[in-house]
Amino acid sequence: MTAFKPLVFSGVQPTGNLHLGNYLGAIRKFVALQADNDCIYCVVDLHSITAQLVHEDLKGQIRSIAAAFIASGIDPEKHIVFNQSAVPQHAELAWIFNCVARIGWMNRMTQFKDKAGKDRENASLGLLAYPSLMAADILVYRATHVPVGDDQKQHLELARDIAMKFNLDFRDKIRASGTGVDILVGDEPVHAYFPMVEPMIEGPAPRVMSLRDGTKKMSKSDPSDLSRINLMDDAETISKKIRKAKTDPEALPSETEGLKGRPEAENLVGIYAALSDRSKAEVLAEFGGQQFSTFKPALVDLAVNVLSPITAEMRRLMDDTAHIDAILRNGGERARARAEKTIAEVSDIIGFLR
Ligand code: TYM
């Protein structure tokens, strides 16, 4: 039984400001995974026009995500950093996946329901097909591992469904092409062209919550800027937002059990843990029994220490657009070479004449 070569892929949309949720749920994990893996990190600009077509400065937004990747510690020479639209094979495979996926699968996506709101008939067709493009992003490289925040879990399950249906529908043609790999799906052996992607969601902060309401996700679209820490916030703003963060009147518990039913406390402890590469249990072993009046200043110090150098480096990089553009162009060329091979093989499996 052979296996797919491990490959990490993930993407971030160039919409709005990056916040602490993006950093802890995704980018910080991207950085950690570099040491032991081949990694591809993508600024998904094609996705950014699904919910909002016209952006004031999309080029600037794309550069700022690339700058955040690099300022956080991603090495664009050892790994690949690029923007999605530079590799047209993503859209090409997405079209094929549009014909693999069923409309019913797309209609069930909670993110589509949230973003389309009440007027679904008026949402763009791209918003409905969004998860199919996301599956193509990953599978055009036959990537196996995808670090993301908890909110992307359903989309990754759909990517597995698409891969599975393609593998089964084209089973004989995949075998004839000689490009497949024998894998086990559960107990069942499958001769697969596409791997079953594994979401990497674990960690102390898979879902960073709003600082104003511990039951709501920290998000770019929250009207209150106090609800999130933006990667571009200065030290004073970070301090103000943490000091104003909603809490309850109790002291911190000594064990994680005691965080149940205390969403704001759980969120701040999770943030502290993720920023210091510790578990929540370890953080509570240190701060259990202490009041938020002690914990919050410690969290401010930690957040500023971790985030300020990243913010400063992001600002420096964004002043040098030629440098960022060269990194993206180089990454795009290397990504395209890999993606072209997949599209050639998939076209042959399907039976397109090329
Ligand atoms: P996007 O751009 O909304 O978010 C980028 C990453 O940040 C994570 N994230 C969070 N994690 C923890 N807590 C939060 N409050 C929080 N908010 C956002 C997201 O889970 C994500 O990992 N569809 C994706 C982009 C995408 C993609 C892909 C990801 C397109 N193609 C292929 C992986 C693989 C998105 O909109 O992420």
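When a ligand or atom number is given, it counts from 1 through the structure's own listing order.
- The protein non-hydrogen atom at the shortest distance from atom 22 (O) of ligand 1 is G149 N, 3.2 Å.
- At least one heavy atom of H19 sits closer than 4.0 Å to an atom of ligand 1.
- Salt bridge annotation for E345-K341: present, with a cationic side-chain nitrogen under 4.0 angstrom from a carboxylate oxygen.
- Ring geometry for F97 against F194 counts as perpendicular: the plane angle is over 60°, on a 0 to 90° scale with 30° as the lower cut.
- Considering backbone and side-chain N/O atoms, F9 never comes within less than 3.5 Å of an N/O atom of ligand 1.
- In terms of polar-atom proximity, defined here as any N/O pair under 3.5 Å, Q13 does make such a contact with ligand 1.
- Using a 4.0 angstrom heavy-atom cutoff, A135 does not count as in contact with ligand 1.
- The one candidate from N22, D150, L24 that meets the side-chain contact (heavy atoms from CB on, under 4.5 Å) condition with V208 is L24.
- The heavy atom nearest to atom 10 (C) of ligand 1, considering only G21, P131, A143, is found in G21.
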Next item on the list: Could you give me the CA-CA distance, side-chain angles and deciding distance for L231 and N17, then say whether side-chain contact (heavy atoms from CB on, under 4.5 Å) is met?
Entry: CA-CA 7 Å; L231 275 195; N17 277 337; over 6 Å; no

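- Relative ring orientation between F170 and F166 is described as tilted, the plane-to-plane angle lying within the 30° to 60° band.
- Within ligand 1, the atoms closer than 4.0 Å to a non-hydrogen atom of G25 are 11 (N), 12 (C), numbered from 1 in the order shown.
- Against a heavy-atom cut-off of under 4.0 Å, R207 is close to the following atoms of ligand 1: 12 (C), 13 (N).
- Comment: R228 does not engage D233 in a salt bridge, judged by the lack of any side-chain N to carboxylate O separation of less than 4.0 angstrom.
- The shortest N/O to N/O separation between M134 and ligand 1 does not fall below 3.5 Å.
- Numbered from 1 in the order shown, with element, the atoms of ligand 1 that lie under 4.0 Å from a heavy atom of I138 read 32 (C), 34 (C).
- With respect to D348 and R354, no salt bridge is recorded, no charged nitrogen being found less than 4.0 Å from a carboxylate O.
- At least one N or O atom of D137 sits closer than 3.5 Å to an N or O atom of ligand 1.
- Here H90 and Y141 bring their ring centres to under 6.0 angstrom of each other.
- When each atom of ligand 1 is checked for a heavy atom of P206 under 4.0 Å away, the hits are 11 (N), 12 (C), 13 (N).
- Which of H47, K29, H90, R28 comes nearest to atom 30 (C) of ligand 1 through a heavy atom is settled by distance: it is H47.
- The N/O atoms of V146, backbone and side chain alike, include none that comes under 3.5 Å of an N/O atom in ligand 1.
- For K220, the salt bridge (Lys or Arg N to Asp or Glu O under 4.0 Å) test picks out no residue, with sequence neighbours left out.
- The closest protein non-hydrogen atom to atom 26 (C) of ligand 1 is G11 O, 3.8 Å.
- Applying salt bridge (charged side-chain N to carboxylate O under 4.0 Å, His left out) to E264 and the options K244, K246, K296 leaves one that passes, K246.
- Residue K217 has at least one heavy-atom neighbour below 4.0 Å for each of these atoms of ligand 1: 15 (N).
- On a distance-only criterion, Y130 and ligand 1 share at least one N/O pair closer than 3.5 Å.
- When the heavy atoms of V148, N22, D151 are ranked by distance to atom 19 (C) of ligand 1, first place goes to D151.
- Considering backbone and side-chain atoms alike, Q152 places an N or O below 3.5 Å from some N or O of ligand 1.
- Each of F9, F30, F82 was compared with Y41 under the ring pair (Phe, Tyr, Trp, His ring centres under 6.0 Å) criterion, and only F30 meets it.
- Salt-bridge check for R160 with E157: failed, with every basic side-chain N at 4.0 Å or more from each acidic carboxylate O.
- Considering both main-chain and side-chain atoms, A26 never comes within under 3.5 Å of ligand 1 through any nitrogen or oxygen pair.
- At a heavy-atom distance under 4.0 Å, no atom of T15 approaches ligand 1.
- With hydrogens and angles disregarded, a donor-acceptor distance shorter than 3.5 Å links the side chain of H79 to the backbone of Q34.
- Of the protein's heavy atoms, V208 N, 2.8 Å lies nearest to atom 13 (N) of ligand 1.
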